[in-house]
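As structure tokens, the structure follows; a few thoughts come after it.
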Amino acid sequence: MSLVPFLAITFGAAAAAFFVRHLPRLSLAIGLLGLLAATGAGLTIVPGDNLAIAGVRGIQTTEFGRLFVVLGCATGLLTVLVGLATAWQPSLPAALLAGFGALGLGLAIGDPIVAVLVVVAGALVGSMVTLARPITDRAIGVAARELRAIAVAGALALLGMAWIPRPLGPRTLPPEMFGLAFLLVAVAVSLRFGALPFHRWAARLAATAPEIALPLLLVWAPAAFAVVALAWMDRSIAPFLVPLDVERGIVVAIGAASIMLGGAAAWLQDDLEHVVGYSILQDSGFVILGLAILDTSAWQPTRTWLLVFVLVKTAFAAWAATVRVRFGTRQIPELAGWARRSPLLGAGLALIAVSTIGVPGLLAWDVRDSLIRLTLGSGLMHALVALGGLLSLTYYLRLALVGRKPASALVRAAPGDAPARRGHERPTAEESPAVPGGGYEELAGRQPRESTRSLARTEAVVARTWQANRAPIAATGVLLLSLIAVAAGTGWLDLGSAATAAAPELPTPGGAPSDSGGGPSFQPIGTP
Amino acid sequence: MTALSALVIVAGLATVGGALVAVTGRDVRHALTGLVVSMAAASLVADPLPSLAGIGTRIVAVLLGGYLLSIALRAGSTVARGSLAGRSAESFAAAAAFVVGFGSSGLGATALGPPVAQGVGFALLVLAIGPVVRATDIYRLGVGLALLLTGAALVRVGLAGTPGPLEQLAMAGLTVGLLGSVAILRAGAASASGALTIEDGSATKARFDAHPIVAAETKVGRRRSVARTSVHPAGHQRVNLGRGRPTPADRDGSDAELGP
């Protein structure tokens, strides 16, 4: 079973990194190697593989799940590198590994109820990365709110999915039941993303949590939740063609409001972290629109947008973290001239903007337009929501224009993108580096040997070089993330084929999956 | 009445009783015991019973999660707020919810599980509402969330039948994850403020508004900068999220809150 190595690496490395957290460099090394190995293990996942647990076939890998975890681990690795060069969170690698392990497992489970349980469990554990040291009352309060949102969303989804057990057909159930079950699950996804009107906890989380942790907390975990919900709706609601106009209208209203008001809120914010948070909220509105379509035509654009969404927002959060640490402020008015000081970051922002919105003909633009058209048709509402989606341009342009202004004092004092020569130009970063100089023996208080002394000298040179070049390293990491995002947003990464790939086999209620005898018996979503 | 039905009923009573103690207990140790009993007994509320391995997995997970939480509870006060409504009111509410859940078994369709499961699930959901919505106490919030998920799982059992081994395993993982997360938060709260209670800051500080801003000098970190604060017409200062730098009071967590 090709998923097993991936799970073993992610959970094993996460546990190892956690248990040796008192040795920061060893924990970091385990985390980095774990993410690298997980990326490789993800590439070896074979779509269609089955795994039986206790004689029950309930786990089946898919192309979409494979792409999700590979992209997640790869961008997670880059995120950790950016975090190392900016604001380091010691628990980040372990949280990423455990999170992606759980998400990968959840996406391979055919039973949506079990998948929801696994995804929620992974999100709960991963959310502890919110607690950045020193721990304050405010951080505890925000983490508690996040815990509450995750658990409540999970409970709502559990109730909604349990309400429509298969293989009951529409003749045995009144239509209202389908509507209520659909609404419960859709609201659960909206709550999980922090969409309007459930955005308060997400806004506070964006303000308090480390920016580098926001992708895992507000993007990747909710995206996996949405994938499971979409698969359930496609199997349990859509095929019965029950008229759910009121319920769909509510969900469409949530999605449209998130798109329009989220974009406006992001534009009005002066705080970079809030801009990132509200931009995540805005783009999650398209996912919620996809849930309201209730047709097989929704499968590809929604899942494609989910992949673009996670990559773009990861890059944007990394960009915001780098800017904040580089220039010592997260207030936009004080960042005048940032793009002049760091062309790499300027290029990164431009790529992020292109991959978010795109132009007609590119993947990002086309899937966003498809989702709006499939839910709202081609009338006035389509135009309004489409314009709302374009509000992303306002905050990207605002950031760009601020960047083109004459540099402020803060920006002038910040390091540039040019690599520093060893021993020269120390960056004025707020946080202490995660890579201290000195060898283990010196740290342990023992008298080092000659060979160890030379190793220690080498380590010290590497540490000083790293310290002196954190700014360009972080900017390069952001640029790489942006390039991945633009590859997804422009369609260069073939996300469409993965997005149309079949969902895992769904067992019958009561825990016993249908035994097809020879080979999978499911019908791929999206095929007539 | 068969032996299995009697077992299910007894397990249901233990589940609700334990949940009542967890929600209304004023000693965190008693409340934790009630929570563990409730979650462990919930694994037996199914007809047919799950496999022994599944039951064992759930119970072990509950015990592990409870142990993690007990470690976190060693530091700090053992006094919990309990329920402001009182044990009697909570009991009656749980009983009423049980009757509603039992009577509406299947929720409009044929139920694949025992009605007792849905009734007990409804009772737990009602008991969980207060701690989840209005908790200002990390531990109490954790108890509420645990009961919420356990109640939802029981309703699922009542609607869709006995969970399979994979679902039992997933539920066990979720139990450990949730209780472990609450333990981490509890330990963090103890190190931050030394108590379970989190300060309930002013909601207006976090509200986005467009009040006129008044520039005031404050020293933040190593730099002297202009902090923008908005002046409420009543004369109270508060900070706009979108129109200025948060004051140091915001950064030190004095405005943390859990209310809706």
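A, B, ... follow the sequence lines: proteins, then strands. Residue 1 opens every chain.
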Subject >> Option in B/Leu148, B/Val157, B/Val155, B/Leu125 with maximal non-hydrogen atom pairs under 4.5 Å from chain A >> reply: B/Leu148
**OP:** First locate atom CG of B/Leu185, then atom OG of A/Ser127, and finally report the distance between them rounded to the nearest 0.5 Å.
**Re:** 7.0 Å
**OP:** Kindly compute the distance separating CG (A/Leu124) from CG (B/Leu149), expressed to the nearest 0.5 Å.
**Re:** 7.5 Å
Subject >> Closest heavy-atom pair and its distance - B/Leu141, A/Arg148 >> reply: CD1-CD, 4.0 Å
Original post:
Nearest 0.5 Å, what's the CG-CD1 distance between A/Leu147 and B/Ile138?
Top reply: 8.0 Å
Original post:
Short question: side chain of B/Arg156, backbone of A/Leu159 - any donor-acceptor pair under 3.5 Å?
Top reply: no
**OP:** Select one option (side chain, backbone, both, neither) describing which atoms of A/Val116 are under 4.5 Å from chain B's heavy atoms.
**Re:** neither
Subject >> Atom of A/Ile140, atom of B/Ala189 and distance for their closest heavy-atom approach >> reply: CD1-N, 3.6 Å
**OP:** List the atom of B/Ala170, the atom of A/Val114, and the distance in Å for their closest heavy-atom pair.
**Re:** CB-CG1, 3.8 Å
Original post:
When rounded to the nearest 0.5 angstrom, what is the spacing between CG in B/Leu107 and CE in A/Met177?
Top reply: 6.5 Å
Subject >> Which atom of B/Ala160 lies closest to which atom of A/Ala162, heavy atoms considered >> reply: CB-O, 4.4 Å
Original post:
Less than 4.5 Å apart, any side-chain heavy atom of A/Ile164 and any of B/Leu159?
Top reply: no
Subject >> Euclidean distance, B/Met171 CE relative to A/Ile113 CD1, rounded to 0.5 Å >> reply: 11.5 Å
**OP:** Take B/Leu166 and A/Asp111 through the test side-chain contact (heavy atoms from CB on, under 4.5 Å) and record every step on the way to the result.
**Re:** CA-CA 9 Å; B/Leu166 190 56; A/Asp111 188 340; over 6 Å; no
